[in-house]
Number of protein chains: 2
Amino acid sequence: MVETGGDRGSGAIRRLPSAVPPRATIEMVARHCGVSRQTISNAINAPDRLRPATLHKVLQAIEELGYRPSHAARSLRTHATNVIGCRLLPSSHSGTGGVLDGWFHALCAAARSGGYDVLAFAAATDDEEIEVYDDLLRRRAVDGIILTNTHYLDPRPAWLLQHEVPFVAFGRPWGSANATHSWVDVDGASGTADAVRHLADLGHTRIGFLGLNKGSGVCDDRFQGWASAMRALGLATTGLVGRAEDGIASGRALTEKLLDGPRPPTGLVCVSDSMAVGAIRAVEDRGWIAGRDLAIVGFDDSPIASLLRPSLSSVRQPIVAVAGELVSELIAELSGVKRRPSRILRAPRLIVRESSGDRLSTPEITAFDEAPGPSHSVLARRSHFDTKSQQTPERIKKKGA
Amino acid sequence: MVETGGDRGSGAIRRLPSAVPPRATIEMVARHCGVSRQTISNAINAPDRLRPATLHKVLQAIEELGYRPSHAARSLRTHATNVIGCRLLPSSHSGTGGVLDGWFHALCAAARSGGYDVLAFAAATDDEEIEVYDDLLRRRAVDGIILTNTHYLDPRPAWLLQHEVPFVAFGRPWGSANATHSWVDVDGASGTADAVRHLADLGHTRIGFLGLNKGSGVCDDRFQGWASAMRALGLATTGLVGRAEDGIASGRALTEKLLDGPRPPTGLVCVSDSMAVGAIRAVEDRGWIAGRDLAIVGFDDSPIASLLRPSLSSVRQPIVAVAGELVSELIAELSGVKRRPSRILRAPRLIVRESSGDRLSTPEITAFDEAPGPSHSVLARRSHFDTKSQQTPERIKKKGA
DNA sequence: CTAGCGATTTTGAACGTTCATATGCAATAC
DNA sequence: GTATTGCATATGAACGTTCAAAATCGCTAG
């Protein structure tokens with residue numbers, strides 16, 4: 001009402017006295033306690049250079065004035081932004097609901113506690129993502145990048161390497177064995193192998209695998225875990241594999257085909273929860289019950305897994321831990337010390353629910369990541385074929401130059 | 001192998017000639033085409049001040065050198081960061097899976113096409129969130145904030161107002177009718193009213209409501225939609241309401257109680273999909289089928305809704321549109337023109353699936369949001385959204401002072 | 001008493017922009 | 001021919017830090 005008249009304020013009454021203190025600069029702090037700018041700067045960046053008495057005085061003044069170094073000024077001077085860039089995958093990507101949701105949250109938390117902020121951006125394609133990288137880097141808005149969703153023929157790592165951008169990938173450099181960048185990944189093979197052994201323990205011998213079409217590194221990895229576990233158990237694998245693109249419809253169709261085939265599986269390990277949901281659908285179509293007539297294990301432990309009826313056994317990725325490692329690796333990279341790229345593989349954990357037929361434990365809802373305690377109850381008797389240990393991340397030494 | 005010896009590089013051979021051009025500054029561009037700094041600056045920020053010939057020359061040089069203004073330098077000088085801060089809710093928050101996932105993605109996309117970047121951060125509590133605000137603002141790392149998940153007695157809007165931080169809220173200022181900030185929200189009442197009418201159309205007369213305990217603005221809103229639609233239809237409402245904290249267990253328990261009560265509902269409108277899932281559980285417990293023996297409608301259309309069996313009818317929020325409006329409102333706010341706060345309410349849309357008993361449409365999977373439509377994404381960086389949204393949202397006039 | 005030294009603090013410059021102002025130049029007005 | 005205007009471009013300063021180097025202080029040693 002009152003201010004309808006003029007548009008550009010004549011600048012008189014505008015701001016009330018207001019509780020907002022003028023934002024403190026380093027100069028103001030300096031004057032406030034009678035020392036020079038640089039001393040304030042040192043108090044923050046190299047406190048050991050100050051006499052204890054001075055340090056105390058300065059810190060108190062900083063506190064009093066609520067001073068924080070201006071991001072822009074500092075970053076202009078130091079050429080470091082303390083910001084990490086990370087692409088958000090299109091939400092459709094995680095078909096069965098947000099797993100990456102929790103991962104990203106953990107990523108932000110880890111970054112912040114390491115003194116970094118996360119700049120999030122959306123991109124629909126790899127090329128678009130590269131364009132954003134280019135923009136962010138030219139404007140010097142980020143120090144480094146967290147790369148997600150690596151795949152065969154991925155143009156992004158090469159681009160980043162060529163432009164000497166510090167980055168760490170979530171996901172192995174599929175297809176380029178001697179990549180020179182750091183990455184963190186989840187050992188899918190170990191997850192599917194666990195799933196196979198779990199089903200074998202329950203008495204299954206014909207355990208199938210529902211995977212993606214050739215060309216997915218993630219699926220190859222998980223397939224390989226299935227295959228080697230089957231081999232190790234002396235189980236035949238022919239006629240037990242179905243492949244298609246990811247999705248519920250695919251899962252349903254593939255399952256039908258396998259069940260109608262010459263060697264119908266009694267258990268099924270799936271490359272994703274979407275596939276597993278499809279498998280459950282197919283089972284329901286015949287009036288069967290998942291977990292009784294066909295044992296099904298998914299992958300990802302997406303939020304739906306525990307909501308489905310019967311609930312879905314699934315392999316859970318340690319996404320919080322992975323997020324933390326991605327951040328600390330990137331920060332290490334940014335610290336400038338030249339080191340050989342690290343390659344970190346983390347083991348996932350099978351969450352047993354109803355769909356695999358083991359009725360022992362059917363938790364209604366499970367926490368999103370590893371529970372703090374040693375809750376490995378169900379798999380008490382871990383049959384160990386290979387040496388993959390559960391908790392310690394496996395570090396693979398760089399092989400070739 | 002080769003580089004096993006020394007650790008700190010002696011700094012000789014390290015970098016190959018490399019395809020990385022030295023990052024261009026405004027000075028370099030200026031020299032490159034024989035004009036002054038300021039002319040380059042003008043070419044970017046006020047192109048109409050240049051003679052066409054000069055402009056052309058400069059733009060070409062910019063292109064050639066791949067110049068982009070340094071974020072830090074520009075932001076130091078202009079006191080604007082072109083960055084928006086936004087808190088990520090803990091992943092557990094969206095019980096049934098990532099709805100906010102898609103919202104956040106849309107937010108980032110909208111921001112970028114408006115010339116802004118999004119700084120994401122995690123916070124567990126409101127107080128922690130305020131601490132992060134304080135940090136970000138003191139360091140001048142963001143220009144403004146997108147606030148999510150508003151609720152009664154929310155300390156955040158007050159804090160932001162007091163500190164004169166530009167912000168827009170996703171969610172109404174529950175409990176403070178004459179709040180002076182802008183917000184965007186989804187008209188929950190309209191959603192539940194739609195749900196009620198849908199069920200009434202199917203012949204139901206005893207339509208219940210599963211809500212949260214008193215004190216949730218979101219629930220009050222949705223409840224109110226249910227209540228007024230019932231009243232408008234001349235249906236009695238007594239004995240048809242259950243309240244508890246959100247969750248599947250709650251939904252199940254409440255449903256049981258209602259079904260065992262004196263006036264068992266034949267239809268149920270739920271405040272959330274979690275509640276609805278609980279309701280489905282309760283129905284299953286009695287060997288009933290949702291949609292046949294009890295009609296159920298959820299709220300949020302979370303990813304599971306279409307995956308459940310029977311699939312869950314649910315009210316879908318136009319999260320992409322909301323994200324876009326939040327961003328454009330905030331940008332308007334940041335443009336500095338004093339305007340009365342805008343309050344935007346958008347209508348959600350009921351997605352009918354099996355659980356409500358209307359077998360007419362049972363899409364397997366539905367797209368996440370309204371079709372994109374004539375997207376404003378083409379706008380060049382730094383330009384602001386000019387006109388208010390394309391879809392004509394419903395605007396509520398500011399009432400009180 | 002003074003030189004010398006390390007610890008502490010200060011000073012001037014620079015980071016890369018944009019703002020405010022000044023200059024140059026061409027066209028118009030007197 | 002000179003003053004007046006308006007447009008196009010250039011110059012100096014400033015934004016708020018940290019870096020590099022210089023200055024000062026407090027001691028110990030000669």
Side-chain angles (χ1 to χ4, degrees), chain A residues 21-59 61-62 65-83 115 136-141 143 336, chain B residues 21-59 61-62 65-83 115 136-141 143 336 381-382:
Chain A
R23 264 156 205 178
T25 72
I26 204 173
E27 273 290 345
M28 299 168 66
V29 181
R31 266 199 295 276
H32 184 84
C33 56
V35 297
S36 70
R37 279 176 327 219
Q38 188 60 37
T39 299
I40 312 299
S41 178
N42 285 335
I44 294 171
N45 301 304
D48 50 309
R49 278 191 211 159
L50 299 201
R51 217 181 332 150
T54 318
L55 180 59
H56 181 74
K57 185 174 60 176
V58 170
L59 291 180
I62 287 178
L65 300 184
Y67 168 73
R68 290 298 125 83
S70 145
H71 174 71
R74 168 178 271 183
S75 135
L76 175 59
R77 185 64 244 236
T78 63
H79 297 279
T81 64
N82 276 35
V83 174
L136 293 177
L137 293 164
R138 284 215 148 81
R139 286 165 44 216
R140 298 183 204 72
D143 291 337
Chain B
R23 262 153 206 178
T25 72
I26 204 173
E27 272 291 345
M28 300 169 64
V29 181
R31 266 199 295 276
H32 183 85
C33 56
V35 296
S36 70
R37 278 175 327 213
Q38 187 60 37
T39 300
I40 312 299
S41 179
N42 284 336
I44 294 171
N45 301 305
D48 50 309
R49 278 191 212 161
L50 299 201
R51 215 182 333 151
T54 318
L55 179 59
H56 181 73
K57 186 173 60 175
V58 170
L59 290 181
I62 286 178
L65 300 183
Y67 168 74
R68 292 297 127 82
S70 144
H71 173 72
R74 168 179 272 182
S75 135
L76 175 59
R77 185 63 245 239
T78 62
H79 297 278
T81 65
N82 275 37
V83 175
L136 293 176
L137 294 163
R138 284 214 147 81
R139 287 165 44 217
R140 299 182 204 75
D143 292 337
R381 280 192 72 78
R382 299 216 76 208

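In this text, all values refer to a predicted model and were calculated from it rather than measured experimentally. Chain naming here is simple, since letters A, B, ... match the order of the sequence lines and numbering starts at 1 in each. Every heavy atom of this structure was used, including side-chain atoms; hydrogens, water molecules and symmetry mates were not.
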So what does A/R140 hit on the nucleic acid, given a heavy-atom distance under 4.0 Å: a base, only sugar-phosphate, or nothing?
nothing

Over all strands shown, is A/T39 touching base, sugar-phosphate only, or nothing at heavy-atom distances under 4.0 angstrom?
base

Roughly how far, to the nearest 0.5 Å, is the CG atom of B/L65 from the CZ atom of A/R138?
9.5 Å

Does B/R23 contact C/dG16 through a side-chain donor or acceptor facing the base, at a distance under 3.5 Å?
no

Can you confirm whether A/L50 sits close enough to A/P47 that some side-chain heavy atom of one is under 4.5 Å from a side-chain heavy atom of the other?
no

Rounded distance (nearest 0.5 Å) linking atom CZ of B/R37 with atom CE of B/M28:
15.5 Å

Has A/R49 got a side-chain N or O lying under 4.0 Å from the OP1 or OP2 atom of C/dT8?
no

Please tell me which of B/Y67 and A/S36 maps to the more 5' nucleotide of DNA chain C, matching each residue to the nucleotide holding its nearest heavy atom.
A/S36

Using the rule side chain to side chain contact (heavy atoms under 4.5 Å, CB included), only one of B/T25, B/L59, B/I26 pairs with B/I40; which is it?
B/I26

Among the candidates C/dT17, D/dT18, C/dG16, find the nucleotide nearest to the side-chain atoms of B/R37.
C/dT17

Report the distance from atom CD of A/E27 to atom P of D/dG16, rounded to the nearest whole Å.
10 Å

Rounded to whole Å, the CZ-C1' distance (B/R138 to D/dT17) equals 18 Å

B/R68 near the nucleic acid: base, sugar-phosphate alone, or nothing, with a heavy-atom cut-off under 4.0 Å?
sugar-phosphate

Less than 4.5 Å apart, any side-chain heavy atom of B/T81 and any of A/H71?
no

In whole Å, I'd like the distance from the NZ atom of A/K57 to the C1' atom of C/dT9.
11 Å

With side chains defined as the heavy atoms from C-beta onward, is the minimum distance between B/L136 and B/V83 less than 4.5 Å?
no

Measure from CZ on B/R31 to P on D/dT11 and round the result to the nearest Å.
13 Å

Spacing between B/I40 atom CD1 and C/dT18 atom P, to the nearest angstrom
11 Å

Can you check nucleotides 21-26 of chain D for protein contacts, nitrogen or oxygen pairs under 3.5 Å, and list what you find?
none

A/N45 vs B/L50, nearer the 5' end of DNA chain D by closest nucleotide
B/L50

From C-beta outward on A/T25, which listed nucleotide comes closest to its side chain: C/dG16, D/dG16, C/dT11?
D/dG16

Looking only at heavy atoms, what is the nearest atom pair of B/L76 and A/A73, with distance?
CD1-CB, 3.8 Å

Classify the nucleic acid contact of A/S75 as base, sugar-phosphate or nothing, counting any heavy atom under 4.0 Å across all strands shown.
nothing

Could you tell me how far apart B/H79 (NE2) and C/dC19 (P) are, to the nearest whole angstrom?
10 Å

Between B/S41 and C/dT18, is there a contact of a side-chain N or O with OP1 or OP2 at under 4.0 Å?
yes

Once hydrogens and angles are ignored, does a donor-acceptor distance under 3.5 Å link the base of C/dT18 to the side chain of B/R77?
yes

Do B/N45 and B/R74 pass the side chain to side chain donor-acceptor pair (under 3.5 Å) test, and can you show the C-alpha distance, the side-chain angles, and the key distance before you say yes or no?
CA-CA 11 Å; B/N45 301 305; B/R74 168 179 272 182; 3.2 Å; yes

Whole Å only: how far is the CZ atom of B/R139 from the P atom of D/dC15?
21 Å

Which listed nucleotide (D/dC15, C/dT18, C/dT10) is nearest to the side chain of A/V35?
C/dT10

Can you figure out which of C/dG16, C/dT18, D/dT18 approaches the side chain of B/T78 most closely?
C/dT18

Whole-Å distance, B/L76 CG to D/dT18 P, equals 12 Å

